[in-house]
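Here the structure is laid out as structure tokens; the discussion comes afterwards.
The analysis underlying the following values was restricted to heavy atoms, covering all of them including side chains, and did not include hydrogens, waters or symmetry mates. Worth saying up front: this structure is predicted, and the values here are computed from it rather than measured.
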Amino acid sequence: MKPTLGLAGRALAYGAPLLFSLPAFAQEAAEAAAPVVDKGDVAWMMTATVLVMAMIVPGLALFYGGLVRTKNMLSVLTQIIAVACLAMLMWAIFGYTMAFGDGGNAFIAGFGKMFLAGITADSTVATFSDGFVIPEFVFIAFQMTFSAITVALVIGGLVERIKFSAVMIFAAIWLTIVYYPIAHMVWATGGLIFEWGALDFAGGTVVHINAGVSALVGAIILGKRLGYQKETMAPHSLTMTLIGTGLLWVGWFGFNAGSALEANGGAGLALINTFLATAAAVLFWMLTERMLGHKSSLLGACSGAIAGLVAITPAAGNAGPMGAILLGLVAGILCCIFVMKIKTKLGIDESLDAFGIHAVGGIIGSILTAVTMLPALGGPAGDDYAVGAQLIIQIQAVVVAVIWAAVGSAIAFGIAKAVTGLRVTEEVEREGLDLGEHGERAYNY
């Protein structure tokens, strides 16, 4: 705009001859006012999308796979890659239009973009800065990876006893009636929770509460594994779990910093917060283990890392670094207590703690985002920020997400059970799902 104003000023100063150039000046002004596609933003968003993909395969696959017994390792890997691929196809066909399409209501968007109709390489979506946009295909791909990892997270509550066919049917129904509506409600203009003013920077409600609650519902419907709390069910490879943890942490930078939709200071804030909250949660989970009378463990460190990553997700761009450390500290302590003490008393075989880490950590992060906004903790809120009012909004959003996920997942599991029987036979469960469901082993010695 500055060059245009300068030229216009000289035209007025030097008189009529330059008036012939005014159409060119008007064209320049129109071009300057047009939305800008910044190549740096585009490059960053493509990178962030690939990082989130790395969280799923191999990150989550190895994290979960290492935690099960050897005879079920391959089944976990297969379930995760399969549901992720299903989620990607469904997102392109009708998921994107349900979550982010034009029109619709407070619960789903319209269906005008079914099969990505009308979207071209020139289509754009707005970022958070006025006048800046990114290609719509990039945004679609970025959000597609979110839907894929969310449904894959649910598998953590179901491993070692659910049929592969049941997983696929559940995933198809659950994405349709649970994930897409919640994504719209939280992140899209016109969505119920969005219009309340709830803060969820990268998916505390959409991803973690959603997946964690659904995993708990699935674990209850499936029932306990044979020998649960009677036989040893130790992780077969904590080495694999640590590798998966590292890949998840690295990929999470795309997850959180990518949610800024730009390569800017907001993305940088999300980046450093993702470091600090995770580091705090690792150390305080291990410290809590000691306080509870156990040795500080690698499993605890890995679990703490995920708890910190989950808790900072909704607050990644809504917290200062000190607020991020506080979130990680609280999540590390409370998630550890839930997993090590409360879960055992409940007697529910929620196998890999998808609820204990993702739902509990997501609830902590989503609610405390209202607190981390405070300037005293380095948050971005202004002087007129009303923390009490925001806290109520955050709690309302959490309640809606919990209820929607619980009811929707019960329906999805109920249908899958009616169609497939849901659970493998006792013979297959004892033999292991690798051979019983897939006819191959993860390891051939």
Side-chain angles (χ1 to χ4, degrees), residues 49-68 72-92 95 141-176 178-180 182-183 202-204 206-219 222 240-241 243-245 247-252 254-255 302 306 309-310 313 350-359 361-362 405 408-409 412-413 416 433 437-438:
T49 301
V50 174
L51 285 170
V52 180
M53 181 62 210
M55 292 173 67
I56 312 168
V57 181
L60 184 65
L62 292 179
F63 179 83
Y64 277 172
L67 292 174
V68 299
N72 295 312
M73 168 68 160
L74 181 137
S75 70
V76 173
L77 304 182
T78 307
Q79 289 168 8
I80 288 176
I81 192 172
V83 297
C85 291
L86 176 64
M88 292 176 196
L89 296 181
M90 289 178 60
W91 185 253
F142 182 63
Q143 288 292 339
M144 180 175 68
T145 59
F146 275 60
S147 69
I149 194 169
T150 305
V151 69
L153 286 170
V154 180
I155 289 171
L158 319 174
V159 296
E160 300 196 304
R161 61 207 190 274
I162 190 168
K163 291 180 178 179
F164 179 69
S165 58
V167 168
M168 300 303 288
I169 291 173
F170 160 79
I173 298 168
W174 184 86
L175 285 165
T176 305
V178 178
Y179 184 82
Y180 303 152
I182 290 184
V206 180
V207 177
H208 299 297
I209 294 175
N210 200 0
V213 169
S214 299
L216 179 65
V217 171
L222 268 171
M240 290 288 188
T241 297
I243 294 170
T245 302
L247 288 165
L248 282 165
W249 193 347
V250 170
W252 225 291
F255 199 86
C302 292
I306 306 305
L309 289 164
V310 167
T313 294
E350 200 270 296
S351 320
L352 307 183
D353 300 312
F355 180 83
I357 294 176
H358 290 275
S409 59
F413 279 115
L433 275 64
E437 284 283 286
H438 304 286

I162 and Q79, any side-chain heavy atoms less than 4.5 Å apart:
yes

Using side-chain heavy atoms (C-beta onward) and a distance below 4.5 Å, is Y180 in contact with M90?
yes

Please determine whether side chain to side chain contact (heavy atoms under 4.5 Å, CB included) holds for the pair I306 and H358, giving the CA-CA distance in whole Å, both sets of side-chain angles, and the decisive distance to 0.1 Å.
CA-CA 8 Å; I306 306 305; H358 290 275; 3.8 Å; yes

Counting only heavy atoms not in I81, do more than 12 fall under 6.0 Å of its CD1?
no

Would you compute the distance between atom CG of L309 and atom NE2 of H208 and round it to the nearest 0.5 angstrom?
8.0 Å

Residue pair G244 / L62: nearest heavy atoms and the distance that separates them:
CA-CB, 4.0 Å

In terms of heavy-atom contacts, G157 and S351 come closest through O-OG, 3.7 Å

In short, L153 meets A211 closest at the heavy-atom pair CB-CB, 3.7 Å

Rounding to 0.5 Å, atoms CG (L222) and NZ (K163) come to a distance of 11.0 Å

Closest non-hydrogen atoms of I56 and A152, given as atom of the first, atom of the second and distance, are CG2-CB, 4.5 Å

For a side chain to side chain contact (heavy atoms under 4.5 Å, CB included) check, start with the C-alpha distance between V76 and F63, then their side-chain angles and the critical distance, and finish with the verdict.
CA-CA 10 Å; V76 173; F63 179 83; over 6 Å; no

For a side chain to side chain contact (heavy atoms under 4.5 Å, CB included) check, start with the C-alpha distance between Y64 and I80, then their side-chain angles and the critical distance, and finish with the verdict.
CA-CA 9 Å; Y64 277 172; I80 288 176; 3.8 Å; yes

Taking side chain as C-beta onward, heavy atoms only, is I155 less than 4.5 Å from V83?
yes

V217 vs F355 side-chain heavy atoms within contact, under 4.5 Å:
no

Would the distance check show the side chain of Y179 and the main-chain N or O of A148 forming a donor-acceptor pair, the cut-off being under 3.5 Å?
no

First locate atom CG of L77, then atom NE2 of H438, and finally report the distance between them rounded to the nearest 0.5 Å.
9.5 Å

Tightest non-hydrogen contact, residues E350 and A215, listed as OE2-CB, 4.1 Å

Pairwise distance OG1(T245) to CE(M240) - rounded to 0.5 angstrom:
12.5 Å

How long is the straight-line distance from CG of L352 back to CG of L158, given to the nearest 0.5 Å?
9.0 Å

What's the shortest heavy-atom distance between A171 and L86, and which atoms?
CB-CD2, 4.0 Å

Just by distance, do the side chain of N72 and the backbone of L433 share a donor-acceptor pair under 3.5 Å?
yes

Would you give the length of the straight line joining atom CG of L216 to atom CG of D353, rounded to the nearest 0.5 angstrom?
11.0 Å

